[in-house]
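One structure is given here, and the rest of the page talks about it.
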Amino acid sequence: MTAPRNPRPSFGAADTPGPVSALLRVRGDRPVDLTALPTDTTPGFPPRPTGKGRKHGRGSGDGRPGPRSPSQLKDDKRAARRAAERTAEELAALQERLFAAATAGDRRRVLLVLQGMDTSGKGGTVKHVVGAFDPAGCRVHAFKAPTAEERAHHFLWRVDAALPPAGAIGIFDRSHYEDVLIARVRGLVPPAVWTRRYEEINAWEAGLAADGVALLKVFLHVGRDRQRKRLLRRLDDPGKQWKFSADDVAERALWPAYREAYEAVLDRCSTAAAPWYVVPADRKWYRNWAVGRLLAEHVAALDPRFPHVEIDTERYRAQLLAS
């Protein structure tokens, strides 16, 4: 079963929580072609003021950014860092409200799923996002190759166990999608097995959404040339050589197969309950800003509230002052 989808910018979408989400969401009007999506652009940055007749983003009317000069990009980088600091403050306040709401029985929580090719910046994005949060309300899980015990269960078993509790924000560095990515590319399971997993994932995510989980799935779209540069930097820097693995070269040789596997994921698993967002990831500063804004828009859309507490404030204030 094929459900064609395409990450084409679309302004003012009623089903997106904010302007950056509207720009980066996988829309669904045609099959995904990742080769047609630039990895070095900065959709929505710098943001333009809104108003009558104005649209978020810059460049052409459909949201695709125009070319930027090197000096403009340097200015953008500095501005993005300042904007990211403001977003961090916004996220910290939103997280506190979400966490507090759970103490009164609100079951809602947020799950950020990060996927991307090697060197796309999943770990760096996690560090950037987590820095804004109170650790008590944040759960980070990095999925590795499944253990023998995990392989003995359904592929979603270990993922289900890692979900964030009510009031928390969970972040997955890789996820259940590895079971239709590396499992497909490396032939770890028969095609009949990984093919049916798309619908299993969609049904599972729909159940999560119905239970109060706001899913934010982000594909960090890095270019092949950029990946080569980042891998070479790891080789050249003694302080980063520990990050390098022979598997990096082997996996890079399978780039076309992984691209097709990711296109299938974006085609078949971007749903109304759990859409995908494609973030150009060649520029780290833009990647961090964009993921931060996506997360802030999604949590703000939940509109978490501090619970109302019945308490005799004057009585306890008097007791404290007398103590």
Of all heavy-atom pairs between [X] and [Y], which one has the smallest distance, and what is that distance?
{"X": "Thr39", "Y": "Pro280", "answer": "O-CB, 3.6 Å"}
{"X": "Phe244", "Y": "Val249", "answer": "CZ-CG2, 3.8 Å"}
{"X": "Ala92", "Y": "Ala132", "answer": "CB-O, 3.3 Å"}
{"X": "Thr41", "Y": "Tyr286", "answer": "O-CD2, 3.9 Å"}
{"X": "Val222", "Y": "Thr119", "answer": "CG2-O, 4.4 Å"}

Short side-chain donor-acceptor distance under 3.5 Å, [Y] and [X]:
{"X": "Arg234", "Y": "Gln241", "answer": "no"}
{"X": "Asp76", "Y": "Trp285", "answer": "no"}
{"X": "Lys217", "Y": "Tyr177", "answer": "yes"}
{"X": "His308", "Y": "Glu310", "answer": "yes"}
{"X": "Gln115", "Y": "Ser175", "answer": "yes"}

Practice task
For Arg224, look at atom CZ and say whether over 12 heavy atoms of other residues, nucleotides or ligands are found less than 6.0 Å away.
Solution key: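 More than 12 within 6.0 Å, yes.
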Handout entry: Greater than 12 external heavy atoms within 6.0 Å of Arg186's CZ
Key = yes
Ring-ring centroid check [X] [Y], cutoff 6.0 Å:
{"X": "Trp255", "Y": "Tyr258", "value": "no"}
{"X": "His298", "Y": "Tyr277", "value": "yes"}
{"X": "Trp194", "Y": "Phe155", "value": "no"}

Problem - Partner residues of Phe99 under the side chain to side chain contact (heavy atoms under 4.5 Å, CB included) criterion, sequence neighbours left out - result: none
Handout entry: Any residue meeting side chain to side chain contact (heavy atoms under 4.5 Å, CB included) with Ala102, in chain and number order, not counting sequence neighbours
Key =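 Ala102 satisfies side chain to side chain contact (heavy atoms under 4.5 Å, CB included) with Ala166 only.
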Handout entry: Arg287 vs Thr125, side-chain hydrogen bond (donor to acceptor under 3.5 Å, both in side chains): CA-CA, chis, key distance, verdict
Key = CA-CA 8 Å; Arg287 176 200 72 202; Thr125 303; 3.1 Å; yes
Fill in the blank from the handout: Sequence neighbours excluded, the answer for side-chain hydrogen bond (donor to acceptor under 3.5 Å, both in side chains) partners of Ser71 is Ser69
Problem - Non-hydrogen side-chain atoms of Arg233 and Lys240 separated by less than 4.5 Å - result: no
Handout entry: Passing candidate, salt bridge (Lys or Arg N to Asp or Glu O under 4.0 Å) with Arg97, options Asp134, Asp106, Asp303
Key = Asp303
Practice task
Describe, in one word, how the ring planes of His176 and Phe172 are oriented to each other, choosing from parallel (under 30°), tilted (30 to 60°) and perpendicular (over 60°).
Solution key: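 The arrangement is perpendicular - the two ring planes meet at more than 60°.
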